[in-house]
There are 2 protein chains.
Amino acid sequence: MKEDEKTMTKPATNESGQALKKSGYHHGDLRAGLIEATRRLVEDKGPDGFSVSDACRLAGVSTAAPYKHFKDKNEMLVAMVLEGMQRHRANMLSALEGIPKGTPARVTAIGSEYVNFARRENGVFRLKFGGFTDRLEDDRLQAAGEETFGIVLREVAACLGETEITPEVRRRGFMLWSFVHGLSFLLVDKKLADMGGETELESLLSDIAERVLVD
Amino acid sequence: MKEDEKTMTKPATNESGQALKKSGYHHGDLRAGLIEATRRLVEDKGPDGFSVSDACRLAGVSTAAPYKHFKDKNEMLVAMVLEGMQRHRANMLSALEGIPKGTPARVTAIGSEYVNFARRENGVFRLKFGGFTDRLEDDRLQAAGEETFGIVLREVAACLGETEITPEVRRRGFMLWSFVHGLSFLLVDKKLADMGGETELESLLSDIAERVLVD
DNA sequence: CTCGCAATGTTAGCTCCTCTAACATATGTT
DNA sequence: AACATATGTTAGAGGAGCTAACATTGCGAG
């Protein structure tokens, strides 16, 4: 194969995330490039400061290009959030590694990762849960959320010695989720900065887990 | 000038008693009219679906009129949210009437009103806490939030037999606020509709209050 | 009461944004 | 090599936020 000419069509490609700009007439993977640009811009300027035009500039394409890949602005955001939620879920799962099953420590670990994701990927978090983009109530997002909640429920069930998701398990899981969810929002909103330290956070999470999981 | 047309304009007051539309050249109280229009539109179309132009149409003025009263769109939203938060706080306070001091029932009552406000005035709630409008981080909003949290802290202190806001009181209050806050978001987001009933809600709230306030 | 000013509206218009239509270019299948 | 399709581009409609300049009204001082 002619490496010298064909592969030169995407020199801007860079594994550190710089596959954003195109070089020739065609981009190579504009869809991924736009999603990445969307992510960066939303993190940077906030969900409502984001514009498709900005994403196009970042990706180095014309403002009409996105519409070959996404129905509209909303679809772009949905695609970006879906990607983020996969990362979120993967992070939560990997946070469980090495922690004995059936212990509240697992619940705490999940909660910790949940909060940290909300802080690290603030934009994704707000988009998913903050109520932007009215019809961001996409079925896929809904399903992704349920799946994430399923991880929590499984751990709660184990802690309570249940083998199935009983109504009581669901109830306790819901309590925990509410707490962690609210905690994420409050920390991200910079309310009560004094609770934001890593040790404070761990302390709060394990405290709550114990209070909710104890009979 | 067509005098007859002016007089033919509708009375322009509606069920809420507020004069949304103007009748003559001057509106009378356009600032209040725009805030009310903003509130309705945000409730109706969601925070991101809201436009100043729509509010102008609702109020019956030109699209430039708001800028005599508000610096920009963001200021309009801040003003509307501030109004809503005053209602929120007043509701929480009146929910306390008749409940013996120092009992967890007071904390539960506040939580219940918190959640119900989030459901009733979804738009205000999302605007205040959902992270819209980057610089909605207005000092006045921040202060209003602190004040509302103060109500919770006072009740928590009473339940714990403290006379001051100790760090431990603050910690417990923060736990409760996180929970109620997250609960509001999840219910509003329609996750877990099975927990949304009034009795379910009361049960959850009192359950949590007990778990967090017990030593 | 009238005059004049400040407050409050209006119109026109700039810039930017979303999204579409029509056209252009690369890709890959036959 | 040739065509069909995918994926870009430019041009432009339509709407939103906001400003400048102009118009109307209410109100206080003389």
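A note on names: the letters A, B, ... follow the listed sequences, proteins ahead of strands, and every chain is numbered from 1. The basis for the numbers below is simple: all heavy atoms, side chains too, and nothing from hydrogens, waters or symmetry mates.
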**Study point:** Under-4.0 Å side-chain N/O to phosphate OP1/OP2 contact, B/H69 with C/dG9
**Key:** yes
Review point. Does the side chain of B/R57 get closer than 4.0 angstrom to OP1 or OP2 of D/dA16 through an N or O atom?
Key: yes
Please give, in whole Å, the distance from [N] [atom2] to [X] [atom1]?
X     : N      : atom1 : atom2 : result
A/L30 : C/dA26 : CG    : C1'   : 14 Å
B/F70 : C/dT8  : CZ    : P     : 12 Å
A/K45 : C/dC16 : NZ    : C1'   : 12 Å
B/L77 : D/dA16 : CG    : C1'   : 14 Å
A/D29 : D/dA6  : CG    : P     : 16 Å

Using only atom types and a distance under 3.5 Å, with no angle test, would you say the side chain of [X] pairs donor to acceptor with the backbone of [Y]?
X      : Y      : answer
A/E113 : A/A95  : no
B/R106 : B/I99  : yes
A/R172 : A/V212 : yes

Check your understanding: Between the two ends of the helix from C/dC1-D/dG30 to C/dT30-D/dA1, what is the bend in degrees, rounded to 10 degrees, where each end axis spans five pairs?
Key -> 0°
Check your understanding: Just by protein heavy atoms under 4.0 Å, how would nucleotides 17-22 of chain D read 5' to 3' in B, S and -?
Key -> SBBBB-
Review point. Can B/S112 and B/E202 be counted as having a side-chain donor-acceptor contact under 3.5 angstrom?
Key: yes
Point to revise | Flag for B/H181-B/Y114: side-chain donor and acceptor within less than 3.5 Å | key: yes
Practice item. With sequence neighbours excluded, tell me which residues meet side-chain contact (heavy atoms from CB on, under 4.5 Å) with B/R171. Key: A/M195, A/E200, A/S203, A/L204, A/D207, B/E168, B/M175
**Study point:** Pair A/R39 + A/E83: basic N to acidic O under 4.0 Å
**Key:** no
Point to revise | Centroid-centroid under 6.0 Å between B/F185 and B/F125 rings | key: yes
